[in-house]
Amino acid sequence: MSVYELLEQRGYVYQCTNLETVKKVLDSDTPTTFYLGIDPTADSLHIGHFFALMMFRYLQDAGHKGILVIGGATALIGDPSGKSDMRKMLTKEQVHHNLEEVKTLARRFVRTDGDNPAIILNNSDWFHGYDYVDFMRDVGVHFNINTMLAADAYANRLKEGGLTFLEMGYMLMQAYDFEFLNKKYGCKLQIGGSDQWGNIVAGTGLHRKYSFLSDKGNIENEIYGLTCPLLLTREGKKMGKTESGTLWVARDKTTPFDFYQYFYNVDDADVEMLLKLFTRVELDEIDRLCTTDIIAAKRLMAYEITKLVHGEKEADNVMETIQSLFGKTKDDGQNAPESDYEIVEDEISVLDLFVNSGMVNTKSEIRRLILQNGASIDGVKCNSPDDVVTRTEGKDFVLLQKGKKVFLKVRFAK
């Protein structure tokens, strides 16, 4: 199976600037240089990032040359795509910290050593020292404001009436990234999520104008864009949002246990899609599993995605914990995920314990759970919001339970 056909059958292909040519380029025996850009606006990656990173890895495994650009410069501006409010501006120190963290996490997905290693670049390396007036004369002159404002990337910001000139510069910078990489590394393809379509097309358009000027009307060395769809549930909701916020790759933000549980608890209708996108399980086996045993399919999917992100050892540890908590031989909670919060009092109300530990967000939420018989401590149902937990000698922790599947260990401070 060709790499393009593989990407298409697994659900990675959404938009393409020149579909037939990109098919030929990707399925050619001659390696093509491609790139993916990630802005380090946080010190971790989320599920949307590793959708595109999986596409990166498939292309890399097929022999194409990958470049991962971490946007140390563009992160200082902020991508307005799909945003109703201006992104929070980060300091240079914050961006530098985030950049190093993202670079480390990205290496879990793309190969940077061995055969056909990817290279990781920082776009601040070519923007630093680029004179503003020179940049506007070189790049800004090729962008029509009316055309830019018609792009989906600015739709929400325009609707709210708050689009800034700072944000308008983002598209120019990302377009220049593509042109710079083409000149220096021969990069011919940019990949990314569909929310980046406007920025990708801006890059191919800038290159076309440069080529037209330099070649006196003969456009050569065309460059291309290819996007994957946004990761949505069958109901059209954005995937990767939990009660406590975004589903992160960094284990100090989202534990491997919580990561597994998120995927295991997705709707049955989304299991086939996730198996195709985030595992290497053969397509006919995915079809068989989803048709004959959706629980086994879901378990395999959650395990494989956890292994992909956190490694086999962590995924196996999660399965041991699942067995101990939900299997026939439950233990006393030693393997449950642990809260950062510690109980310092000799006596604490159930309401405060559930909220302070992070098991719920509000006291009204735990009150509802108690009324619905959905809250337990050490295996015993909480009967009243007025219940208290008392420290007893020899007891190191309590095990909170929300519903049937969510557990959290909370230790007593020593």
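Residues take their numbers from the sequence shown, with the count starting at 1. Quick caveat, the model's predicted, so the values are computed rather than measured.
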Please set out all donor-acceptor pairs under 3.5 angstrom arising from side-chain atoms of residues 296-304, sequence neighbours excluded.
from, atom 1, to, atom 2, distance (Å)
Lys298, NZ, Val266, O, 2.8
Lys298, NZ, Asp268, OD1, 2.7
Tyr303, OH, Asp316, OD1, 2.8

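- Within the 4.5 Å cutoff, no side-chain heavy atoms of Tyr4 are placed close to those of Leu59.
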Let's go through Ser349 and Asp387 carefully: what are the C-alpha distance in whole Å and the side-chain angles of both, what is the deciding distance for side chain to side chain donor-acceptor pair (under 3.5 Å) to 0.1 Å, and is it a yes or a no?
CA-CA 6 Å; Ser349 71; Asp387 287 349; over 6 Å; no
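- The distance from atom CD of Glu179 to atom CG of Leu206, rounded to the nearest 0.5 Å, is 5.5 Å.
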Evaluate salt bridge (Lys or Arg N to Asp or Glu O under 4.0 Å) for Arg411 paired with Glu338, printing each intermediate quantity in order.
CA-CA 8 Å; Arg411 290 192 179 278; Glu338 187 170 329; 2.9 Å; yes
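- Remark: the Tyr170 side chain and the Asp39 side chain contain an N/O donor-acceptor pair separated by less than 3.5 Å.
- Here Asp61 pairs with Arg280 in a salt bridge; the nearest charged N to carboxylate O distance falls below 4.0 Å.
- A side chain to side chain contact (heavy atoms under 4.5 Å, CB included) with Ile120 is found for one member of Val69, Ile67, Leu68 and no other, namely Leu68.
- Contact between Lys409 and Phe397 at its shortest, heavy atoms only, is CG-CD1, 3.3 Å.
- For Lys24, the NZ atom counts as loosely surrounded, since its 6.0 Å shell holds 12 or fewer non-hydrogen atoms of other residues, nucleotides or ligands.
- Side-chain contact between Gln60 and Val110: present, with at least one pair of heavy atoms (C-beta onward) separated by less than 4.5 Å.
- Counting only distance, with no hydrogens or angles, the side chain of Arg368 and the backbone of Gly374 share no donor-acceptor pair below 3.5 Å.
- Atoms CD1 and CE, on Ile377 and Met359 in that order, are 9.5 Å from each other to the nearest 0.5 Å.
- Annotation: Asp131, atom CG; neighbour count of heavy atoms from other residues, nucleotides and ligands within 6.0 Å is above 12.
- Between Phe50 and Phe263, the two ring planes are tilted [angle within 30° to 60°].
- Taking the six-membered ring for Trp and the full ring otherwise, the centers of His310 and Tyr260 sit at least 6.0 Å from each other.
- Contact record, Phe412 with Thr390: CZ-O, 4.4 Å, taken as the closest heavy-atom pair.
- Remark: Lys65 fails to qualify as a cation-pi partner of Tyr35 under the 6.0 Å distance and 45° angle criteria applied to the six-membered ring.
- In this structure, Leu275 and Glu272 have side chains that are not in contact, with every pair of non-hydrogen atoms separated by 4.5 Å or more.
- Shortest non-hydrogen contact noted between Ala73 and Phe127 is CB-CD1, 3.8 Å.
- Taking the side chain as every heavy atom from C-beta outward, Leu166 and Ile77 approach each other to under 4.5 Å.
- Each of Tyr58, Phe56, Phe51 was checked for a side chain to side chain contact (heavy atoms under 4.5 Å, CB included) with Met54, and the lone residue meeting it is Tyr58.
- Side-chain contact of Glu101 with Thr104: a donor-acceptor pair under 3.5 Å is absent, judged by distance alone.
- Using a 4.5 Å cut-off on side-chain heavy atoms (C-beta onward), Thr33 and Leu189 make no contact.
- Closest approach of Asp43 to Leu105, counting heavy atoms only: O-CD1, 4.3 Å.
- Of the inter-residue distances, the one linking Phe178 atom CZ with Asn182 atom CG reads 7.0 Å to the nearest 0.5 angstrom.
- In this model, a donor atom of one side chain and an acceptor atom of the other lie less than 3.5 Å apart for Gln196 and Gln174.
- To the nearest 0.5 Å, the span separating CD1 on Ile294 from CG on Leu289 amounts to 8.5 Å.
- Using a 4.5 Å cut-off on side-chain heavy atoms (C-beta onward), Glu347 and Val389 make no contact.
- Crowding of Met89 atom CE: a count of heavy atoms from other residues, nucleotides or ligands under 6.0 Å not exceeding 12.
- Taking OG1 of Thr204 as the start and NZ of Lys188 as the end, the distance is 12.5 Å to the nearest 0.5 Å.
- The closest donor-acceptor contact from the side chain of Thr321 to the backbone of Asn317 lies under 3.5 Å.
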So Met55 and Tyr12, side-chain contact (heavy atoms from CB on, under 4.5 Å) or not? Walk me through it.
CA-CA 7 Å; Met55 182 192 284; Tyr12 284 93; 3.9 Å; yes
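- Annotation: the span from Leu76 atom CG to Thr91 atom OG1 amounts to 8.5 Å, rounded to 0.5 Å.
- Within 6.0 Å of the CG atom in Asp134, the count of heavy atoms belonging to other residues, nucleotides or ligands exceeds 12.
- More than 12 heavy atoms of other shown residues, nucleotides or ligands fall within 6.0 angstrom of atom OH in Tyr130.
- Looking at Met148 and Leu172, their side chains come closer than 4.5 Å, going by heavy atoms from C-beta outward.
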Checking side-chain contact (heavy atoms from CB on, under 4.5 Å) for the pair Val406/Gln401: CA distance, chi angles, key distance, verdict?
CA-CA 6 Å; Val406 182; Gln401 182 177 350; over 6 Å; no
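- Two residues are said to be in side-chain contact when any heavy atoms from C-beta on lie closer than 4.5 Å; Val410 and Leu353 meet this criterion.
- When all heavy atoms of Leu408 and Ser357 are compared, the pair lying nearest together is CD2-O, 3.6 Å.
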Check step by step if side-chain contact (heavy atoms from CB on, under 4.5 Å) holds for Phe259 and Ile305.
CA-CA 9 Å; Phe259 196 89; Ile305 297 177; 3.7 Å; yes
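- Taking 4.0 Å as the cut-off between side-chain N and carboxylate O, Asp293 and Arg288 do not count as a salt-bridged pair.
- Here the shortest heavy-atom pairing between Ser124 and Gly72 reads CB-C, 4.1 Å.
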